[in-house]
Amino acid sequence: MSVPPIAHPVNSSHRSRLAPLALPERLLLGPGPSNADPVVLDALARPPIGHLDPAYVALMGEVQELLRYAWQTDNRLTLPMSGTGSAAMEATLANTVERGDTVLVAVKGYFGLRLADMASRYGAHVVTISCPWGEAFSLEALEAALDEHRPAILAIVHAETSTGVCQPMEGIGDLCRRHGTLLLLDTVTSLGAVPVHLDAWGVDMAYSCSQKGLSCPPGLGPFTMGPRAEAKLASRGGKVPNWYLDVSLLNQYWGSDRVYHHTAPVNMNFGIREALRLLADEGLEQAWQRHRANAERLWSGLERLGLELHVAEPLRLPSLTTVRIPQGVDGKAFSQHLLNSHGIEVGGGLGELAGRIWRIGLMGYNSRQENVDRLLNLFEQELPAFRSSTPVAAAVA
Ligand code: PLP
């Protein structure tokens, strides 16, 4: 038998020429990911063990219990999806939407639009209601839409990362119960950073990510489903149309049977186990207060510098602040300068807010007073050079 020739010799020359991985040091103060806690990074670097090893199986139970704590829920079906937040988002819809179901999506930013898109791919009849990007929904607006459309599911984003708005949750769960509607909540930018009380709020399904309030790198998507959503899953006519995200199959591995489903990303789960342990050690309420205090320091500092915040104070999200780019300032040039000269990442606007705002994240490990002060100093000292009339701004342009 002849051996085929090496098809891509360029790869072999790369093998000798490429230097070992080198990455710049960054302070991630954008919309996510946020810097991971060094304790979490240590956990990720441990040698993998088998995904059915008794030690790993014990860790799985710990992760589930800690997630229930972080979300304030007793939901049995609580587990980290292998994938990012979008995988967990998709899992909530894949498991509960049946062709023709009406799904009402309350869109107040970019991630509401993603929910609507995903629901339509599972055959839902998607209805949307919208409010301006920078505002939240009133209970009255939601009630009117529920009355009109009688949806199977209401999907809404708690912490809209594209706008910096935190949706007030009081009363929405009760409304949904009265209308026979399941409540689906995106907690990607709130879990671990902002008060979340899934059971008290009557939330039936929720998802999140590992890379923001939990101080872990991206790679896992916490997912949870309560009894009313489980009943909808149990009564569906056919199979869940997504094998990888089918929670009834996944629960045979995460539940007591421990049946192989896919090879779990064990190191990511070491990491989230440590991230959640650190959150529990600090205490949820302490963590929420820390995020609030540091955000308030940032807000007052920015306002002192004459900058305008995009969201009214009562709706402002402590984990993500949106700042209007002043007239005459090249916002993109300033954020590139922060990255290139100071190793600090801040985000730009998404969707209809592109070019109009900066997005500053203070999430998990990064929600610290020294980070706030460092960033405020840079805004004070270096932003003036980026007004359109100055030589630096002209040079960058
Ligand atoms: N939902 C919200 C509110 C988000 O901010 C994000 C990402 O930032 C997502 C969903 C998607 O999560 P991921 O990028 O981890 O897939």
Side-chain angles (χ1 to χ4, degrees), residues 28-36 67 71 79-94 105-119 121 128 130-131 133-137 154-167 169 183-194 196 198 203 205-224 242 244-245 265 268-269 271-272 275 291 310-311 315-322 345-354 357-364 366:
L28 301 176
L29 300 183
S34 178
N35 291 80
L67 275 178
W71 256 323
L79 53 92
M81 290 286 166
S82 304
T84 65
S86 302
M89 179 193 263
E90 185 142 358
T92 54
L93 294 162
V105 186
V107 178
K108 59 179 186 307
Y110 181 89
F111 291 100
L113 293 173
R114 182 174 297 186
L115 274 165
D117 181 10
M118 275 188 192
R121 290 165 190 247
T128 58
S130 308
C131 75
W133 289 30
E135 293 177 19
F137 287 95
L154 166 64
I156 190 163
V157 176
H158 181 219
E160 218 346 311
T161 327
S162 63
T163 65
V165 166
C166 191
Q167 172 67 46
M169 290 304 297
L183 176 56
L184 193 176
L185 191 66
D186 176 319
T187 63
V188 166
T189 301
S190 48
L191 187 66
V194 176
V196 176
L198 286 195
V203 174
M205 287 174 274
Y207 57 87
S208 190
C209 72
S210 48
Q211 72 269 19
K212 301 193 192 203
L214 299 187
S215 315
C216 189
L220 291 177
F223 163 96
T224 189
N242 184 320
Y244 196 70
L245 300 175
M268 277 310 302
N269 279 290
I272 205 165
H291 282 82
H310 184 62
V311 176
L315 296 179
R316 244 178 245 159
L317 190 55
S319 44
L320 194 283
T321 297
T322 45
E345 180 176 286
V346 303
L350 263 188
E352 65 180 61
L353 292 175
I357 55 166
W358 290 296
R359 292 185 297 154
I360 302 175
L362 292 171
M363 301 172 179
N366 278 355

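Atoms within each ligand, like the ligands themselves, are counted from 1 in listed order.
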Item to check | Ser162, portion touching ligand 1 at heavy-atom distance under 4.0 Å | outcome: neither
Item to check | Check: Leu28 main-chain N/O paired with Asn366 side-chain donor or acceptor under 3.5 Å | outcome: yes
Checklist entry - For ligand 1, is there an atom lying under 4.0 Å from some heavy atom of Ser210? => result no
Checklist outcome for this item: heavy-atom search around atom 14 (O) of ligand 1 in the protein gives Gln211 NE2, 4.1 Å
Checklist entry - How many angstroms lie between atom CZ of Phe223 and atom CG of Leu67, to the nearest 0.5 angstrom? => result 12.0 Å
Next on the checklist: So for ligand 1, is Tyr207 a polar contact partner (N or O within less than 3.5 Å, distance only)?
Outcome noted: no
Checklist entry - What atoms of ligand 1 come within less than 4.0 Å of a heavy atom belonging to Ser86? => result 11 (C), 12 (O), 13 (P), 16 (O)
Item to check | Residue Met89 vicinity, atoms of ligand 1 by number, heavy atom under 4.0 Å | outcome: 10 (C)
Next on the checklist: Under the rule for ring-ring contact (aromatic ring centres under 6.0 Å, His included), what residues qualify as partners of Trp358, not counting sequence neighbours?
Outcome noted: Phe334, Phe379
Checklist entry - Should we say atom OH of Tyr110 is surrounded by more than 12 heavy atoms from elsewhere, each under 6.0 Å from it? => result no
Checklist entry - Would you say Val188 and ligand 1 have an N/O pair spaced under 3.5 Å apart? => result no
Checklist entry - Going by the atom numbers of ligand 1, which of them fall below 4.0 Å from some non-hydrogen atom of Ala159? => result 3 (C)
Checklist entry - Nearest to atom 8 (O) of ligand 1, what protein heavy atom do you find, and at what distance? => result Lys212 NZ, 2.7 Å
Item to check | Whether His291 side chain and Met363 backbone form a donor-acceptor pair below 3.5 Å | outcome: no
Checklist entry - Any N/O of Glu160 closer than 3.5 Å to an N/O of ligand 1? => result no
Checklist outcome for this item: Rounded to the nearest 0.5 angstrom, the CD-CG distance for Glu160 and Leu320 is 9.5 Å
Checklist outcome for this item: CE (Met81) and CG (Leu220) are apart, to the nearest 0.5 Å, by 11.0 Å
Checklist outcome for this item: Atoms of ligand 1 under 4.0 Å from any heavy atom of Thr189, numbered from 1 in the order shown, are 5 (O)
Checklist entry - If you count the atoms of ligand 1 from 1 in the order shown, which ones are under 4.0 Å from a heavy atom of Asp186? => result 1 (N), 2 (C), 3 (C), 10 (C)
Next on the checklist: Starting from atom 9 (C) of ligand 1, what is the nearest protein heavy atom, named by residue and atom, and what distance separates them?
Outcome noted: Phe111 CE2, 3.5 Å
Checklist outcome for this item: A student checking ligand 1 against Thr84 at a 4.0 Å heavy-atom cut-off should list atoms 13 (P), 15 (O), 16 (O)
Item to check | Interfacing atoms of ligand 1 (cut-off 4.0 Å, heavy-atom, Thr161) | outcome: 2 (C), 3 (C), 4 (C), 5 (O)
Next on the checklist: For Thr322, is there any backbone N or O sitting under 3.5 Å from a side-chain donor or acceptor partner on Arg359?
Outcome noted: no
Checklist entry - Just how far is it from atom CD of Glu135 to atom NE2 of His310, taken to the nearest 0.5 Å? => result 8.5 Å
Next on the checklist: Is it the case that the side chain of Lys212 and the backbone of Pro31 share a donor-acceptor pair, with hydrogens and angles ignored and the cut-off at 3.5 Å?
Outcome noted: yes
Next on the checklist: I'd like to check which ligand 1 atoms, numbered from 1 as shown, lie under 4.0 Å from a non-hydrogen atom of Gly85.
Outcome noted: 12 (O), 13 (P), 15 (O), 16 (O)
